[in-house]
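Reading through the structure tokens given below for one structure.
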Amino acid sequence: MQKENSQDLSILRHSASHILAQAVKRLFSKAKLGIGPPIKDGFYYDFDIDGELLSQNLPRIEEEMRKIVKEDFPFKKEKISKSEAERIFKEREEPYKLELLKEIEDDMVTLYSQGDFVDLCRGPHLQSTGKVKFFTLLSVAGAYWKGKEGNPMLSRIYGTAFFTQEDLQQHLKMLEEAKKRDHRRIGKDMDLFTISPQSGAGLAIYYPRGAMLRDILENFEKKEHLKRGYQLVWTPHISRAHLWEKSGHLDFYRENMYLFSTDKEEYVIKPMNCPGHILIYKSKIRSYRDLPLRFFELGTVYRREESGVLHGLLRLRGFTQDDAHIFCAPSQVVEEVRGVIRFVLFMMNTFKLGYRVTLSTRPAKYIGSLASWDRAIEALKDALKEENLNFEIALGEGAFYGPKIDIQMEDALGRLWQGPTIQVDFNLPERFDLTYVAPNGEKKRVVMIHRVVLGTIERFLAVLIEHLGGNFPLWLSPIQVRILTVTEKEASYAQDIYQEMISEEVRAELDTKNEMLGYKVREAELDRIPYMVILGKEEAKRKVLTVRERKGNNLKNITLGSFLQMLKDKVKHRE
RNA sequence: GCCGACGUAGCUCAAAGGUAGAGCAGCUGAUUCGUAAUCAGCAGGUUGUAGGUUCAAAUCCUAUCGUCGGCUCCA
């Protein structure tokens, strides 16, 4: 039933996109048609036209669409020969449709028409334009023809459509809600971080609360890595360009790298941590008995990203990977990858995040031999299968040095962001001649696995903020408790409680402002503080606390000792 | 990088060529209050930046930086 519904919905939306195209052609006869498919949450149509005109005229276009709906044209399907279709679109001066026709291998094609509007389309559609009742246009954006940089930039109009007014309303409401969860909004509200034009686009600055949050995450990461046999390492932020020449990055990754020269030499600000970890591996002769070696670093890297792609903490130019490189024998690869997969799943479960797994294969631009690529892909597949994970294959989406498993996480608008990734690399060990001594005394080639389990601290924080709407569980909350006094008379008792708490390593704040309690409660709620401790005449007299939970429940007559114990238990179990 | 929109006080937003304004936050004072906004006063801005048009620019033009929505790219 559900599935049928979503199929019907995409037919509806496809029809809506044709109505949109007809409306635009009516208003702007010079507009050339691109394509107009239904998508996950609606539909779009691409036009080659002055984009400014469209954004100003969105209301007019929508009005025209409603007229077309009223006119109730039937959607007519017609099967004709390709040459006949070519004649029609030539006459109608639709160069993009002609280009699409050329790529169709069949001799026959289908056209759909409504009124005087004709489109090359596989269909299906609803019976008539009158069936499309509840829709709205949302935005205008640029989009390259066929999604290829270098192709002409078309103007894309996005919209959405539903079968009922209620569904439409609900969807629009959901978009509003998502906006409220936007990590940039919450980051500002909760005083966590900023990206200041003064320091530069794509570079985040953490305020005390944001820095606290990072620190909690980072400490958690370090502990979990140590538990799994990783060793902490640290490598410098800049290094000689020479190193990056050897790794191949200067050839394959140059446009994303920040380079600078000192008087004598060129240097690179690291965009990745692997070359540094390789130097650590190479610092001595390694035995098969040492393997696998797992080097972990919260490595801050900088990449020159195109200005248009920057997006809060989700897409930055400077970010910190929870990066590790595992050096192992070829026979250990599957087991090591399995271990990383389990680690990733542990993380996703800990934070209760949804995810999607893909296996990315060899891209057009790559280094290393075909045979080693095939071997690496097999190893990743085996590990995924043995962990019983569902995954999709993304052809040609691998890194230039090896195939990878990507785990994507969802943000508040349902957009997917790459987080954890696991990449097998047979190539860098070759380039740097990384070996170990086998039992028979022979030198053997080591295999390298690059992997991150959260991805980056920044992006992960962003996804987490949106996932939780800023309501961090106690163990993650930068501020765990705020102490509120009812009147100024309780200031000294509150001060004592506060001192006790911070000495017990509770992240507490004291609010003795001369304001009414309602005001302070409201502020603490807006700051999403998990626990408020309310101290008035009663509490001071009886030396107890009243605790208000974030949701509004009250716990009365609690002693400081039992409250501290409760906090400790919850932190321990990450509730 | 490309297409489009936008940039006004710490924040949210007014002011459509003619003296930049409000709410919240901040500060001072009053109030001493029991679970999502107590009252009053004060202060706060070379309208992102740099040029230009004009008697006069937040407003019009150009460039530039940045932000937002996409495309492309990616952790």
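Being a predicted model, the structure only gives us computed values, none of them experimental. The chains referred to below are lettered A, B, ... by the order of the sequence lines, with proteins before strands, and numbering in each begins at 1.
If you take atom C1' in B:A20 and the same atom in B:A56, they sit 15 Å apart, rounded to whole Å. Distance check on atom P: B:A36 versus B:U19 gives 45 Å, rounded to whole Å. For the C1' atom pair drawn from B:U62 and B:C68, the interatomic distance equals 23 Å after rounding to whole Å. Nucleotides B:U32 and B:U38 place their C1' atoms 11 Å apart, quoted to the nearest Å. For the C1' atom pair drawn from B:C13 and B:G18, the interatomic distance equals 23 Å after rounding to whole Å. Rounded to whole Å, the C1' atom of B:A75 lies 33 Å from the corresponding atom of B:U49. To the nearest whole angstrom, the two P atoms, one in B:U59 and one in B:G17, are 11 Å apart. Look at the C1' atom in both B:C6 and B:A25: the space between them is 25 Å, to the nearest Å.
Partner of A:I326 under the side-chain contact (heavy atoms from CB on, under 4.5 Å) criterion, out of A:E336, A:H277, A:M448, A:H450: A:E336 alone. None of A:K222, A:E218, A:E224 except one satisfies the side-chain contact (heavy atoms from CB on, under 4.5 Å) rule with A:F220; the exception is A:E224.
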Identify each atom pair where a protein N or O and an N or O of nucleotides 6-11 of chain B are less than 3.5 Å apart, giving names and distance.
none

Please write out each protein N/O paired with an N/O of nucleotides 47-51 of chain B under 3.5 Å, distance rounded to 0.1 Å.
none

Give me the distances for all protein-to-nucleotides 36-41 of chain B N/O pairs that come in under 3.5 Å?
unit_1 : atom_1 : unit_2 : atom_2 : d
B:A36  : OP2    : A:R548 : NH2    : 3.4
B:A36  : O4'    : A:R522 : N      : 3.4
B:A36  : N6     : A:E525 : OE1    : 3.4
B:A37  : N7     : A:R522 : NE     : 3.2
B:A37  : N7     : A:R522 : NH1    : 3.1
B:A37  : N7     : A:R522 : NH2    : 3.3
B:A37  : N6     : A:R522 : NH2    : 2.4
B:A37  : N1     : A:R522 : NH2    : 3.2

> Hey, mind stepping through A:S492 and A:E490 against side-chain hydrogen bond (donor to acceptor under 3.5 Å, both in side chains) and telling me if it holds?
Replying inline: CA-CA 6 Å; A:S492 118; A:E490 288 84 34; over 6 Å; no
>> Would A:W373 and A:N427 count as a side chain to side chain contact (heavy atoms under 4.5 Å, CB included) here? Give the steps.
In response: CA-CA 9 Å; A:W373 270 87; A:N427 299 310; 4.0 Å; yes
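Atom C1' of nucleotide B:C65 and atom CD1 of A:I195 are separated by 16 Å, given to the nearest angstrom. Between the CD atom of A:E538 and the C1' atom of B:G34 there is a distance of 10 Å, rounded to whole Å. Between A:K180 atom NZ and B:U12 atom P there is a gap of 16 Å when expressed in whole angstrom units. The separation between A:I49 atom CD1 and B:G4 atom P is 12 Å, rounded to whole Å. B:G4 atom P lies 16 Å from atom CZ of A:F47, rounded to whole Å.
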> Along nucleotides 68-75 of chain B, 5' to 3', which nucleotides get a B, which get an S, and which get a -, given that the test is a protein heavy-atom distance under 4.0 Å?
Replying inline: SBBBBBBB
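Annotation: of the two residues near RNA chain B, A:M532 and A:K489, the 5′-most nearest-nucleotide partner is A:K489. When the nearest nucleotides of RNA chain B are assigned to A:E490 and A:L154 by heavy-atom distance, the more 5′-ward of the two goes with A:L154.
Regarding contacts with the backbone of B:G4, every side-chain N or O of A:S155 stays at 4.0 angstrom or more from both OP1 and OP2.
Using a 4.0 Å heavy-atom cutoff across all strands shown, A:E539 reaches at least one base atom of the nucleic acid.
Checking side-chain atoms of A:K97 against main-chain N and O of A:G34 turns up a donor-acceptor pair under 3.5 Å. Judged purely by atom type and a 3.5 angstrom limit, A:K541 has no side-chain atom pairing as donor or acceptor with the backbone of A:G536.
Among residue pairs with one or both ends in residues 522-533 of chain A, those qualifying as side-chain hydrogen bond (donor to acceptor under 3.5 Å, both in side chains) are A:R482-A:D527, A:K513-A:E523, A:E525-A:R548; sequence neighbours excluded. Pairs of residues two or more places apart, or lying in two chains, that qualify as side-chain hydrogen bond (donor to acceptor under 3.5 Å, both in side chains) and include a residue from residues 462-472 of chain A are A:H183-A:E466.
In RNA chain B, consecutive stretches of 3 or more Watson-Crick or G-U wobble pairs with both distances under 3.5 Å are given as paired ranges: B:1-7 with B:65-71, B:10-13 with B:21-24, B:26-30 with B:38-42, B:48-52 with B:60-64.
Applying the side-chain hydrogen bond (donor to acceptor under 3.5 Å, both in side chains) test to A:Y206 and every residue at least two apart in sequence or in another chain returns A:R214. The salt bridge (charged side-chain N to carboxylate O under 4.0 Å, His left out) search around A:E103 returns A:K146, not counting sequence neighbours. Here A:E176 pairs with nothing under the side-chain hydrogen bond (donor to acceptor under 3.5 Å, both in side chains) rule; sequence neighbours left out. A:D182 pairs by the side-chain hydrogen bond (donor to acceptor under 3.5 Å, both in side chains) definition with A:R184, not counting sequence neighbours. Residues passing the side-chain hydrogen bond (donor to acceptor under 3.5 Å, both in side chains) test with A:T358: none are found, sequence neighbours excluded.
The pair A:E94-A:K32 does not meet the salt-bridge criterion, since no charged nitrogen lies less than 4.0 angstrom from a carboxylate oxygen. The pair A:E177-A:K173 does not count as a salt bridge, with every side-chain nitrogen at least 4.0 angstrom from each carboxylate oxygen. For A:D191 and A:R209, the salt-bridge test fails: no basic side-chain N is under 4.0 Å from an acidic carboxylate O.
Among the nucleotides B:C3, B:U32, B:U35, the one closest to the side chain of A:T487 is B:U32.
Ring pair A:F343/A:Y230 is tilted by interplanar angle, where 30° to 60° counts as tilted.
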